[in-house]
Enquirer: 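There's a structure below that I have some questions on.
To find a chain, count down the sequence lines: A is the first, B the second, and so on, and within it residues start at 1. What you see is a predicted model, and the numbers here were worked out from it, not measured in a lab.
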There are 2 protein chains.
Amino acid sequence: MVSSRRIADVAAEAGVSQTTVSHALSGRRPVAPATRARIMDAVERLDYRPDRLATSLRMQRTQTLALIVPDIANPYYPASARALLDGVNDVGFMTLITNTDGDPEGERAALQEMVARRVDGIVMHSLATTTADVRRIVGPDLPVVVVGGLTGHTETDLVVTADSVGLGEAVKYLHDRGVRDLGFVDGPEGNGMYRLVAFLGAANALGMNVQDEWVAHTPFTREGGFAAAMSLLHGDRRPAAIMCANDLIAIGVMDAARALGISIPRDLAVIGFDDIETAALVTPQLTTITNPASLTGATCAELLLERIGRGAAAPYMTRILPTSLVLRESA
Amino acid sequence: MVSSRRIADVAAEAGVSQTTVSHALSGRRPVAPATRARIMDAVERLDYRPDRLATSLRMQRTQTLALIVPDIANPYYPASARALLDGVNDVGFMTLITNTDGDPEGERAALQEMVARRVDGIVMHSLATTTADVRRIVGPDLPVVVVGGLTGHTETDLVVTADSVGLGEAVKYLHDRGVRDLGFVDGPEGNGMYRLVAFLGAANALGMNVQDEWVAHTPFTREGGFAAAMSLLHGDRRPAAIMCANDLIAIGVMDAARALGISIPRDLAVIGFDDIETAALVTPQLTTITNPASLTGATCAELLLERIGRGAAAPYMTRILPTSLVLRESA
DNA sequence: CCACGAACACAAACCGATTTGCAAAGGAGC
DNA sequence: GCTCCTTTGCAAATCGGTTTGTGTTCGTGG
């Protein structure tokens, strides 16, 4: 109630030394039951709560994690963030969240700031930074989970979705329905382009026709998808289907089709990526590829806690999460 | 790169005292340009970055804020959070985010934890705690902005939306269209029920017929809305319109109507609250009341920074943000 | 040649906790 | 009644910075 109490106040109130209070609270050394009771009583009376700052400085751990995302307002991230927060709150961690807008410089700055704040671990949804870059910035010992990087050689723990599986399913589905002319609207250039690459691989494997002007880059937003599709659909020959790097882009593409009087899915099939909640609510309902956001967040929490428990020496871990095609109305 | 450097290392590298390094970096005392250059050089070479923990402990400010929300995965909050984060990042603040699920005990625990972590300020979307409770928990001096509490006597800074304005518009709109029988699906009982109260006020003023069994409480989710509507629409006499405490509930209500073969808006009008992005994408498009999420977050940032600048003595501030009816297809 | 100011070093206090080495008190065993 | 051990408490060092008071050195102007 009054100004915040220090451990010395508690010691005075209980008539013991600071040391004894600390030991009573942490249990690192035995304290007589009667003494402990007096101390607890004083703690209660003074409404004492240890300063986590001082504790952190002394213990060299902050019980704090960092979550670095491109944009928390992008509907994919909140679900993932929620699962992460739930997973780590149980063991007393709080989480600092920051946005980078996918900007490499922003990602670097965010990492440095988090290091300076001595977080115990970082979860990063990286678009523009490799795990090697990350490791170089944060130093060799800090637990880091990168979401969505490249598998294979990695210098952080990794959670990836098997995008190529879902994308392959989707391309095959379109192929089976007779589609041959395919477009793809990717995120901004230099975002890693994993999905574009996986898409092109699958499309090539089935001999699909993907013309260069049917591949566009745009921000991961509804507006971005709209703009990209408007120019992409204006050529004299247009693709029979457009796949997108996320659902918001796909919704924007559907906006554009509507604006141009193109019927979905009859004249144009549209497939998104992520399966955000909205995907099932739009008209027509969006056919998309599930990207298990909540599972991703929970897996990050698991990996990070395991890493914190095992130390930096243990080999890096990679978890691959499944994706799959969800058929609805847009394709 | 190597393990993290301390200020003493920089002092040694530059051949000056620790004191001079600190002064050079903070500018609190003059340092000769040549010396400063040597120091900056050493900082660069060693990749030194001051330990924010130690600085925070000494300076008694953490450059950290807390954002306490019921559920970051609820689509209303991310937009608000993003605006808040943007507003305070510019001045070097990072933000701890935590979820309470609207649980009073969770809200109390979150507040206490944030106080123990010595955050410089708190933004709380409160459902179950009064500003007086908050003030008692955090002590008299900590800057706090509560979103969505009761205006009038308050013990924190306050950002509220003028819910009654939008609700009044909506009720009047329905009245003008000849609707007399009205229902309301509110959030969980004990959530403050500001919207229910405002709704009832507006409905009474126009002589609407709001039967007790047409008012329900349910979680702020799609599933909650569905369940509430299923039982609400089962009576032998049902309302001609249902208004809801948020859009997710409203979407659930529409699910229920569809399941029961009730046509919207012909047989039942549905009006939501918040105008989340999805509202414009569902079918039929949801008529709802705008709740300017992004503006709310930005306003919280402003208020908090102003409060931090002015100190605890300045009188509490209240900002009232506009809401208004957005006509779409569901009513 | 002296006075004065600027630049900087040095040592120490401080923020608020944890942890260690050491000493005192108390009980058990003989 | 004495020794030995266990239990418990105290003082001080520590985490890594910031800040202050004092002292030293150097350069400049009178």
Side-chain angles (χ1 to χ4, degrees), chain A residues 2-40 42-43 46-64 92 113 115-120 139 141, chain B residues 2-40 42-43 46-64 92 113 115-120 139 141:
Chain A
V2 205
S3 69
S4 82
R5 302 325 204 121
R6 295 161 305 168
I7 198 171
D9 300 323
V10 177
E13 175 83 7
V16 298
S17 73
Q18 286 194 32
T19 311
T20 308
V21 175
S22 177
H23 289 321
L25 293 177
S26 71
R28 305 276 286 106
R29 265 192 193 177
V31 169
T35 312
R36 171 191 310 278
R38 281 213 321 285
I39 291 173
M40 292 311 184
V43 165
L46 298 181
D47 191 35
Y48 167 74
R49 234 175 313 283
D51 185 324
R52 309 279 257 113
L53 233 44
T55 305
S56 292
L57 178 61
R58 179 61 225 253
M59 308 273 277
Q60 297 293 74
R61 25 174 219 122
T62 51
Q63 298 278 94
T64 304
E113 176 67 19
V115 171
R117 285 172 180 262
R118 302 295 187 263
V119 296
D120 293 338
D141 294 330
Chain B
V2 205
S3 69
S4 80
R5 303 321 205 124
R6 295 160 307 169
I7 198 171
D9 300 322
V10 176
E13 176 82 7
V16 298
S17 76
Q18 207 172 313
T19 310
T20 306
V21 175
S22 178
H23 288 322
L25 292 177
S26 71
R28 304 276 285 106
R29 264 192 194 177
V31 170
T35 311
R36 171 190 310 277
R38 280 213 322 285
I39 292 173
M40 291 311 184
V43 165
L46 298 180
D47 192 33
Y48 168 72
R49 234 175 312 283
D51 186 323
R52 309 279 255 116
L53 276 179
T55 305
S56 292
L57 179 60
R58 179 59 226 250
M59 309 271 278
Q60 296 293 76
R61 28 173 215 122
T62 51
Q63 298 277 94
T64 304
E113 177 66 19
V115 171
R117 285 172 181 261
R118 301 294 187 265
V119 296
D120 292 339
D141 293 332

Enquirer: How long is the line joining CZ of A/Arg117 and C1' of D/dG16, in whole Å?
Expert: 16 Å
Enquirer: More 5' along DNA chain C: B/Arg118 or B/Val21, using each one's nearest nucleotide?
Expert: B/Val21
Enquirer: Using only heavy-atom distances, determine whether the side chains of B/Ser22 and B/Thr19 contain a donor-acceptor pair under 3.5 Å.
Expert: no
Enquirer: Between protein and nucleic acid, restricted to nucleotides 21-24 of chain C and to nitrogen or oxygen atoms under 3.5 Å apart, what atom pairs and distances do you find?
Expert:
| from | atom 1 | to | atom 2 | distance (Å) |
| --- | --- | --- | --- | --- |
| C/dG21 | O6 | A/Arg29 | NH1 | 3.1 |
| C/dG21 | O6 | A/Arg29 | NH2 | 3.3 |

Enquirer: How many angstroms lie between atom CG of B/Asp9 and atom CG of B/Leu46, to the nearest 0.5 angstrom?
Expert: 6.5 Å
Enquirer: Just how far, in rounded Å, is C1' of C/dC14 from CD of B/Gln18?
Expert: 13 Å
Enquirer: Expressed as a whole number of angstroms, how long is the span from B/Ile7:CD1 to C/dA11:C1'?
Expert: 15 Å
Enquirer: Which whole-number value in Å describes the distance from A/Leu46 CG to C/dA17 P?
Expert: 12 Å
Enquirer: What is the distance, rounded to the nearest whole Å, between atom CZ of B/Arg6 and atom P of D/dT14?
Expert: 12 Å
Enquirer: Among residues 51-64 of chain A, which ones have heavy-atom contacts with DNA chain D below 4.0 Å?
Expert: A/Leu57, A/Arg58, A/Gln60
Enquirer: Are the charged groups of B/Glu113 and A/Arg52 less than 4.0 angstrom apart, N to O?
Expert: yes
Enquirer: Do A/Arg61 and A/Gln63 have a side chain donor and acceptor closer than 3.5 Å?
Expert: yes
Enquirer: Using a strict 4.0 Å threshold on nitrogen-to-oxygen distance, state whether A/Glu13 and A/Arg5 make a salt bridge.
Expert: no
Enquirer: Within less than 4.0 Å of OP1 or OP2 of D/dG16, is there a side-chain N or O belonging to B/Tyr48?
Expert: no
Enquirer: Tell me which one of A/Leu53, A/Thr55, A/Asp51, A/Thr64 satisfies side-chain contact (heavy atoms from CB on, under 4.5 Å) with B/Arg117.
Expert: A/Thr64
Enquirer: Please report the interatomic distance CD1(A/Ile39) to OH(A/Tyr48), rounded to the nearest 0.5 Å.
Expert: 11.0 Å
Enquirer: When the distance from CZ of A/Arg28 to C1' of D/dT8 is rounded to whole Å, what number comes out?
Expert: 16 Å
Enquirer: Keeping to residues at least two apart or across chains, list the side chain to side chain donor-acceptor pair (under 3.5 Å) pairs with something in residues 25-40 of chain A.
Expert: none
Enquirer: Does B/Gly15 reach a base, just sugar-phosphate, or nothing at all? Heavy atoms under 4.0 Å.
Expert: sugar-phosphate
Enquirer: With distance as the sole test, does B/Thr62 use its side chain to make a donor-acceptor pair with the main-chain N or O of B/Ser56 at under 3.5 Å?
Expert: no
